[in-house]
Amino acid sequence: MNKRTLIILTLLAITTYIPAQAEGPLSSILQSIERNNLTLKSQSGQNEARNLEARTGNSLGNTNLSFDRLWGSPIETGKSAEFNVSQEFDFPSAYINRNKLAEHKSQQYDDEYNVLRQQILLEAKETYIELQMLYQMEQIMECRACGTGKLVDLYKNKYESGDATILEKNRVEYEFLQMQETVTSYKIRIASLESRLVNLNGGEPLELIPVTLPMESVTDYERLLNDYETADPRILTYQSRKTVSEQEVKVSRSAALPKFEVGYKREQGIGDRFNGITVGMSLPIFSNRNNVKRAKALQYAAEAELNSAINDNRSTLKELYDKANLLSQALEKFETLPTSDEYVDLLTESIQAGEISIVDYFSELYAYYDIIETKLRTEMEYRLTIAKLHMIYL
């Protein structure tokens with residue numbers, strides 16, 4: 001079973017254990033971005049060119065043709081002609097090793113493409129998660145602005161009837177203007193993120209609407225770690241580079257073997273004609289100097305990079321896993337919060353009944369919305385952390 005087949009089977013196996021990817025809008029958006037993203041299209045074309053380049057150097061060299069026509073001096077010595085055809089080729093093992101090197105490079109290019117693909121899809125998912133949080137905040141702030149707008153009318157009437165001071169009336173109006181400005185700032189940020197997603201989609205439009213994202217749970221750490229070390233494109237890329245460097249050593253050693261030249265030669269003089277074959281050999285005594293040492297040094301560097309990537313991956317994974325668990329515990333504290341509509345209605349009824357002052361109203365409202373924003377941002381941070389943890393499954 002080759003490496004590519006093993007990776008495919010592994011991915012098919014692990015996807016049966018992970019939390020289901022959000023079906024519907026997010027899934028459709030990620031699929032669309034994978035199809036349309038211009039960076040991915042460019043990388044795909046570059047990989048095809050690099051694969052052809054890797055195989056180009058493993059063919060026979062040019063066939064050499066030469067013809068000589070000589071005139072004697074003095075003229076009585078006659079004329080002679082010589083025709084040569086020759087072909088140089090490497091030792092057979094050199095072609096075998098270079099062919100394997102081209103195959104390993106092709107696998108490396110595929111792994112590098114998968115790393116780029118994963119990064120782009122993760123960026124898209126993170127952008128979409130933040131966008132959904134902003135949709136919620138915009139809706140809440142619009143409701144808050146609407147409620148404050150009603151208070152503006154209320155205090156305008158109270159001021160005219162002498163039941164409210166000019167300071168109270170102005171305070172409500174200032175709050176209403178501030179709420180409108182806050183809503184506008186959210187709209188600007190939303191437009192920016194929507195534009196970013198369209199850009200990731202290669203400029204093609206996307207249907208971006210507020211939706212309720214499912215809350216993903218954290219995958220078991222040991223299984224998550226195993227999945228990353230088995231099928232993470234970043235780790236696979238370093239493994240591919242290590243394999244390529246090992247094959248480079250073999251190619252360098254093959255280059256130290258003799259090269260052969262076989263050809264046909266024909267000579268014609270005064271009354272004489274000769275035909276035969278020519279055989280030659282060249283010894284790369286000087287041209288391959290230090291090439292094997294250089295290849296071994298690159299192999300050592302590739303092994304060190306792989307080990308470093310594995311250690312960094314484990315450290316990052318543990319950090320994200322612990323962070324996700326802490327955020328999950330923090331979210332549990334917000335479960336008993338009343339809804340925005342319920343709380344605003346309660347405060348509005350209280351101020352209309354004269355139970356609280358306008359200062360108390362806004363003080364309570366600010367405290368409540370601070371908690372709501374903290375809840376939404378904590379939830380967003382949790383989703384972003386899970387997105388990074390589960391990027392292996394994108």
Side-chain angles (χ1 to χ4, degrees), residues 1-11 43-64 86-118 226 228-263 278-314:
M1 182 181 295
N2 59 33
K3 179 181 177 182
R4 186 182 298 276
T5 304
L6 177 61
I7 294 171
I8 293 173
L9 291 176
T10 301
L11 286 173
Q43 187 65 33
S44 179
Q46 290 182 27
N47 281 358
E48 184 177 352
R50 293 165 76 189
N51 282 326
L52 292 173
E53 181 183 9
R55 296 185 180 280
T56 300
N58 198 30
S59 56
L60 291 174
N62 297 326
T63 301
N64 297 315
S86 64
Q87 177 67 57
E88 186 182 62
F89 58 90
D90 294 326
F91 203 83
S93 63
Y95 295 101
I96 296 173
N97 286 328
R98 283 201 293 263
N99 185 59
K100 290 181 179 179
L101 177 61
E103 292 176 355
H104 293 320
K105 283 186 175 181
S106 178
Q107 180 63 59
Q108 177 187 329
Y109 301 151
D110 288 343
D111 292 335
E112 289 174 351
Y113 174 85
N114 288 331
V115 170
L116 179 63
R117 170 191 167 277
Q118 196 176 79
N226 178 70
Y228 265 91
E229 296 190 352
T230 303
D232 181 13
R234 292 171 297 176
I235 299 299
L236 294 179
T237 296
Y238 285 111
Q239 289 177 343
S240 295
R241 290 176 184 173
K242 176 177 175 291
T243 303
V244 166
S245 68
E246 292 170 347
Q247 192 63 33
E248 289 275 14
V249 173
K250 296 179 182 178
V251 170
S252 297
R253 286 172 176 164
S254 298
L257 297 173
K259 298 180 183 292
F260 299 96
E261 185 175 0
V262 176
T278 61
V279 178
M281 181 177 69
S282 66
L283 299 174
I285 298 175
F286 304 106
S287 63
N288 200 48
R289 186 178 182 183
N290 292 328
N291 280 350
V292 175
K293 290 182 179 179
R294 174 182 172 276
K296 285 185 175 180
L298 291 175
Q299 177 186 352
Y300 176 80
E303 291 175 352
E305 283 183 335
L306 173 60
N307 293 331
S308 176
I310 291 174
N311 289 333
D312 290 345
N313 192 63
R314 290 173 179 173

Keeping Thr230 on the side-chain end and Asn226 on the backbone end, is there a donor-acceptor pair under 3.5 Å? yes
Taking Asn47's backbone N and O only, do any of them form a donor-acceptor pair with Asn51's side chain (distance below 3.5 Å, no angle check)? yes
Do Lys105 and Tyr109 have side-chain heavy atoms sitting under 4.5 Å apart? yes
Find out whether Asn97 and Leu101 are in side-chain contact, i.e. whether some heavy atom of one side chain is under 4.5 Å from a heavy atom of the other. no
Under 4.5 Å between any side-chain heavy atoms of Gln43 and Gln46, yes or no? yes
Answer yes or no: is there a donor N or O on one side and an acceptor on the other, between the side chain of Ser245 and the main chain of Lys242, under 3.5 Å? yes
Between Ser106 and Ala102, is there a donor-acceptor pair closer than 3.5 Å when you use the side chain of the first and the backbone of the second? no
OG1-CG distance between Thr243 and Leu306, expressed to the nearest 0.5 angstrom: 9.0 Å
What pair of heavy atoms forms the shortest contact from Lys296 to Val249, and how long is it? N-CG2, 3.8 Å
Side chains of Gln118 and Asn114: donor-acceptor distance under 3.5 Å anywhere? no
Closest heavy-atom contact between Ile235 and Tyr228? CG1-O, 4.1 Å
Thr237 and Val115: which non-hydrogen atoms are nearest, and at how many Å? OG1-CG2, 3.4 Å
Do NZ/NE/NH1/NH2 and the carboxylate oxygens of Glu112 and Arg241 come within less than 4.0 Å? yes
In a check of side-chain contact (heavy atoms from CB on, under 4.5 Å) between Gln299 and each of Gln247, Glu248, Glu246, which one passes? Glu246
Atom pair CZ/CG of Arg117 and Asp110 - distance to nearest 0.5 Å: 12.5 Å
Step-by-step side-chain hydrogen bond (donor to acceptor under 3.5 Å, both in side chains) determination, Asp111 to Gln107: CA-CA 6 Å; Asp111 292 335; Gln107 180 63 59; 3.1 Å; yes
